[in-house]
Amino acid sequence: MGKTEILSRLSALPGSIGFYFQDLVSGESCGLNENDEFQAASVIKLPIYAVIMKLWAEGKLDIYEKLICTDADKVPPCGALYFFTGNVEVDINTPCGLMISISDNAATNLLIKRFGIDFLNAEFKKIGLEKTHIERLLFDREASPRGCENRIVPAEIGALLKAIYRRGFVNEEVSA
C-alpha cells in the first residue's frame with residue numbers, strides 16, 4: 001500500500017486522526033495531522049520515562065529513591081500497583097518499569113506526582129517536545145470533564161522514538 005492510499009484511507013475515517021511514520025532506513029516519511037495535538041492516553045508514558053532516564057544519566061536523580069504508593073494513588077486496574085493492599089514502598093525504577101512494560105497507571109501517576117507536571121513539561125521541551133505536555137494525572141475524574149487533557153504530537157513522539165532507536169537520546173546506554 002502506497003503513501004497516497006494510506007493517507008486517503010486515514011482521511012476517510014471519522015474523527016480526528018494524527019499519524020506519523022518514518023522509514024528509518026530510507027528517511028521517507030508520511031503523516032496526517034502529524035504536527036497537531038491529540039489526547040495522549042498512555043503514549044504520554046514514553047516521554048515521562050525518557051525524561052526520568054535522562055535525569056538519571058545526568059546524575060540529577062537517584063533512580064533508587066523510595067516512593068510510597070498509597071491506596072489513594074491506586075487507579076483502575078491497569079497494572080500491578082492497583083492490586084497491592086495498603087501502602088507500597090517502591091524505588092523510582094520500579095514504577096518506571098511498570099509504567100513502560102505493563103502500562104501501569106498508578107505507577108505513572110506516582111511518577112507524575114514525584115516530579116510535578118510543570119517540571120515534566122519543562123523537561124519535555126528540553127528533549128524537543130514543544131507541544132507534547134501533561135495537564136493532569138491519569139484517570140483524573142474531575143479534570144478530564146473540564147477538558148484538561150494530556151496531549152501528544154505524533155511527529156514529536158516519532159522524533160523521540162527515532163532518537164532512541166538511533167542511540168542518540170542522551171547517550172547510547174540511555175537509548176538502549
Side-chain angles (χ1 to χ4, degrees), residues 15-20 33-34 36-57 60-161 163-165 169-170 174-176:
S16 179
I17 295 173
F19 167 78
Y20 179 76
N33 303 316
E34 68 270 24
D36 293 347
E37 294 180 20
F38 291 89
Q39 188 171 338
S42 287
V43 177
I44 201 67
K45 294 169 182 173
L46 175 65
I48 292 170
Y49 183 65
V51 162
I52 293 170
M53 291 298 100
K54 176 182 173 286
L55 293 170
W56 172 69
K60 297 176 181 175
L61 171 68
D62 177 5
I63 202 82
Y64 300 106
E65 173 189 325
K66 299 297 182 191
L67 304 175
I68 302 293
C69 181
T70 67
D71 286 335
D73 293 320
K74 299 170 187 170
V75 292
C78 183
L81 289 177
Y82 179 83
F83 295 101
F84 283 86
T85 56
N87 292 347
V88 180
E89 182 180 80
V90 294
D91 58 28
I92 289 174
N93 196 43
T94 299
C96 282
L98 293 172
M99 174 178 68
I100 294 301
S101 65
I102 60 173
S103 197
D104 191 310
N105 292 321
T108 305
N109 283 350
L110 199 58
L111 294 167
I112 293 171
K113 287 177 184 178
R114 160 54 179 90
F115 293 96
I117 289 172
D118 291 339
F119 177 82
L120 288 169
N121 284 330
E123 291 297 313
F124 285 0
K125 289 195 182 313
K126 289 179 186 176
I127 63 170
L129 306 176
E130 292 298 320
K131 297 192 301 186
T132 294
H133 63 276
I134 302 173
E135 291 186 16
R136 64 172 177 83
L137 296 173
L138 305 183
F139 286 91
D140 184 333
R141 299 192 194 289
E142 294 175 14
S144 187
R146 293 191 319 265
C148 186
E149 296 293 346
N150 301 327
R151 311 295 279 178
I152 59 105
V153 175
E156 290 182 353
I157 299 300
L160 176 59
L161 288 167
I164 292 168
Y165 176 79
F169 179 74
V170 181
V174 170
S175 293

Problem - Main-chain N/O of Glu135 paired with Asn150 side-chain donor or acceptor, under 3.5 Å - result: yes
Handout entry: 4.5 Å side-chain heavy-atom contact, Ile117 and Ile112
Key = yes
Problem - Lys45 side chain near Leu138 side chain, heavy-atom distance below 4.5 Å - result: yes
Handout entry: Close side-chain approach of Tyr49 to Leu111, heavy-atom, < 4.5 Å
Key = no
Handout entry: Close side-chain approach of Ile44 and Thr132, heavy atoms under 4.5 Å
Key = yes
Handout entry: Any Asp73 side-chain heavy atom under 4.5 Å of Asn109 side chain
Key = no
Exercise for the section: Just jot down the side chain to side chain contact (heavy atoms under 4.5 Å, CB included) partners of Phe139, sequence neighbours excluded, or say none. Expected result: Val75, Pro76, Asn105, Arg141
Fill in the blank from the handout: side chain to side chain contact (heavy atoms under 4.5 Å, CB included) filter on Ala159, not counting sequence neighbours, yields none
Handout entry: side chain to side chain contact (heavy atoms under 4.5 Å, CB included) partners of Ala143, counting only residues at least two apart
Key = Arg136, Asp140, Arg146, Cys148
Exercise for the section: Determine whether Glu156 and Tyr20 make a side-chain contact, defined as any pair of heavy atoms from C-beta on separated by less than 4.5 Å. Expected result: no
Practice task
Kindly indicate whether the side chain of Ile48, heavy atoms from C-beta on, has any atom under 4.5 Å from the side chain of Phe124.
Solution key: yes
Handout entry: Contact summary for Ser175 and Ala163, nearest pair of heavy atoms
Key = OG-O, 4.0 Å
Practice task
Decide yes or no for Ile52 and Phe115: does some side-chain heavy atom of the first lie under 4.5 Å from some side-chain heavy atom of the second?
Solution key: yes
Exercise for the section: Count the heavy atoms belonging to other residues, nucleotides or ligands that lie under 6.0 Å from CD of Glu89, then report whether that count exceeds 12. Expected result: yes
